[in-house]
Amino acid sequence: MADENEQATTTTTTSVEEPLDLVRLSLDEKVCVKMRNERELRGRLHAFDQHLNMVLGEVEETITTIEIDEETFEQIYRPTKRQIPMLFVRGDGVILISPLAKQS
Amino acid sequence: MLFYSFFKSLVGKDVVIELKNDLSITGTLHSVDQYLNVKLTEVQVLDPEKYPHIQSVTSAFVRGSVIRYIQLPPDDVDTQLLQEATRKEVTQPRKE
């Protein structure tokens, strides 16, 4: 419906709560990003767009591999971590974004 | 177009691109386009184990869709500017 509410110019809204508005609340906060291939990123969210491309700062990436013991068939979770000071993440690998509780 | 502008501001800087096939390459950002396809010069493959048979080529074009991460030099990134630009971006005109 053609409403007067269509934003023709770039105005910052604080009212409408679409999912991406919730992500916007986490700008400059530490977030946890779950990605495809059992990867997880924790870092400070500096930028994102509608594709969920993101720039994260002070990032810790955790990759979890599951090894299966041949004999016992037990699953061994083996996380590997690395630190990256500033990272661009392509949105098509992102599954979810969640804020990390920050004590201010 | 936020990240397109962002990468245009990083032309000339050294970056490390991690691809979805786990290949990591380092090079100087030469150009970028609206699809975030990237052209690099002075390309070197980082981890000699994880890579196929690319020796240091002079330049490479990387399709945007195969990129997983791009590691950026932290000093060249203005985080305040990025955050402001993101706030203005909203989730603006979706193509209808």
Side-chain angles (χ1 to χ4, degrees), chain A residues 1-2 5-29 31 33 35-37 39 41 43-61 63 65 80 82-94 97, chain B residues 1-11 13-22 24 26 29 32-38 40 46-47 50 62-96:
Chain A
M1 300 203 183
N5 286 339
E6 295 302 324
Q7 294 162 340
T9 51
T10 46
T11 50
T12 39
T13 48
T14 44
S15 53
V16 180
E17 298 287 336
E18 294 187 340
L20 288 179
D21 294 330
L22 295 178
V23 181
R24 186 145 56 93
L25 296 179
S26 298
L27 268 179
D28 201 26
E29 304 285 342
V31 293
V33 181
M35 295 187 55
R36 304 185 67 188
N37 297 121
R39 286 164 192 259
L41 298 173
R44 187 173 298 274
L45 182 64
H46 291 301
F48 69 94
D49 66 6
Q50 73 270 35
H51 304 295
L52 262 32
N53 296 326
M54 288 182 275
V55 170
L56 298 173
E58 304 153 25
V59 177
E60 181 188 71
E61 180 200 35
I63 308 173
T65 49
T80 41
R82 65 178 166 151
Q83 312 284 339
I84 306 164
M86 189 68 65
L87 190 70
F88 165 81
V89 182
R90 192 172 163 91
D92 55 13
V94 173
I97 306 175
Chain B
M1 301 301 260
L2 199 168
F3 288 104
Y4 175 43
S5 310
F6 170 61
F7 281 117
K8 279 199 288 189
S9 78
L10 287 179
V11 164
K13 303 287 191 288
D14 291 334
V15 295
V16 179
I17 302 188
E18 182 176 320
L19 304 181
K20 293 197 166 95
N21 66 355
D22 288 343
S24 280
T26 180
L29 184 62
V32 67
D33 69 9
Q34 52 166 323
Y35 303 108
L36 306 185
N37 297 327
V38 155
L40 293 179
L46 266 195
D47 198 342
K50 293 198 263 189
V62 183
R63 195 185 205 274
S65 63
V66 308
I67 293 172
R68 183 186 288 140
Y69 305 133
I70 303 182
Q71 295 177 35
L72 311 162
D75 303 327
D76 291 328
V77 173
D78 186 342
T79 55
Q80 289 304 314
L81 196 60
L82 272 182
Q83 286 169 21
E84 285 168 25
T86 301
R87 288 194 186 97
K88 288 197 209 131
E89 177 98 342
V90 194
T91 46
Q92 271 262 322
R94 308 259 202 81
K95 283 157 193 154
E96 276 154 16

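Below, chain A is the first sequence line, B the second, and so on; all start at residue 1. If you're wondering where the values come from, they're calculated on a predicted model, not measured in any experiment.
Taking both residues in full, the closest heavy atoms of A:Asp92 and B:Ser65 are given as OD2-O, 3.9 Å, listed atom of the first, atom of the second, then distance.
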Working for side-chain contact (heavy atoms from CB on, under 4.5 Å), residues B:Tyr69 and A:Met35: CA-CA 11 Å; B:Tyr69 305 133; A:Met35 295 187 55; 3.8 Å; yes
Show your reasoning for whether side-chain contact (heavy atoms from CB on, under 4.5 Å) applies to A:His46 and B:Val77. CA-CA 10 Å; A:His46 291 301; B:Val77 173; 5.9 Å; no
Worked verdict on B:Lys20 versus A:Asn37 for side-chain contact (heavy atoms from CB on, under 4.5 Å): CA-CA 10 Å; B:Lys20 293 197 166 95; A:Asn37 297 121; over 6 Å; no
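Using a 4.5 Å cut-off between heavy atoms, A:Arg36 does not touch chain B at all. If you measure heavy-atom distances from A:Asp49 to chain B, the contacts under 4.5 Å come from both the backbone and the side chain. Within the 4.5 angstrom heavy-atom criterion, only side-chain atoms of A:Ile84, from C-beta onward, approach chain B. At a 4.5 Å heavy-atom cutoff, the contact between B:Phe3 and chain A is made by side-chain atoms alone. Residue A:Leu45 touches chain B through its backbone alone, counting heavy-atom pairs closer than 4.5 Å. Interface residue B:Leu2: only side-chain heavy atoms are found under 4.5 Å from chain A.
The side chain to side chain contact (heavy atoms under 4.5 Å, CB included) with A:Phe88 is formed by just one residue from the set B:Leu10, B:Leu36, B:Ile17; it is B:Leu36. Residue B:Thr86 forms a side chain to side chain contact (heavy atoms under 4.5 Å, CB included) with just one option from A:Leu27, A:Asp28, A:Val55, and that option is A:Leu27.
Contact count against chain B (heavy-atom pairs under 4.5 Å) is highest for A:Arg90 among A:Met54, A:Arg90, A:Glu58. Counting heavy-atom pairs closer than 4.5 Å to chain A, the top-ranked of the candidates B:Val16, B:Ile67, B:Leu81 is B:Ile67. Chosen from B:Gln71, B:Arg68, B:Met1, the residue pairing most often with chain A at heavy-atom distances under 4.5 Å is B:Arg68.
Atom CG of B:Leu72 and atom CG of A:Leu87 lie 7.0 Å apart (nearest 0.5 Å).
Using a 4.5 Å cut-off on side-chain heavy atoms (C-beta onward), A:Met86 and B:Thr79 make contact.
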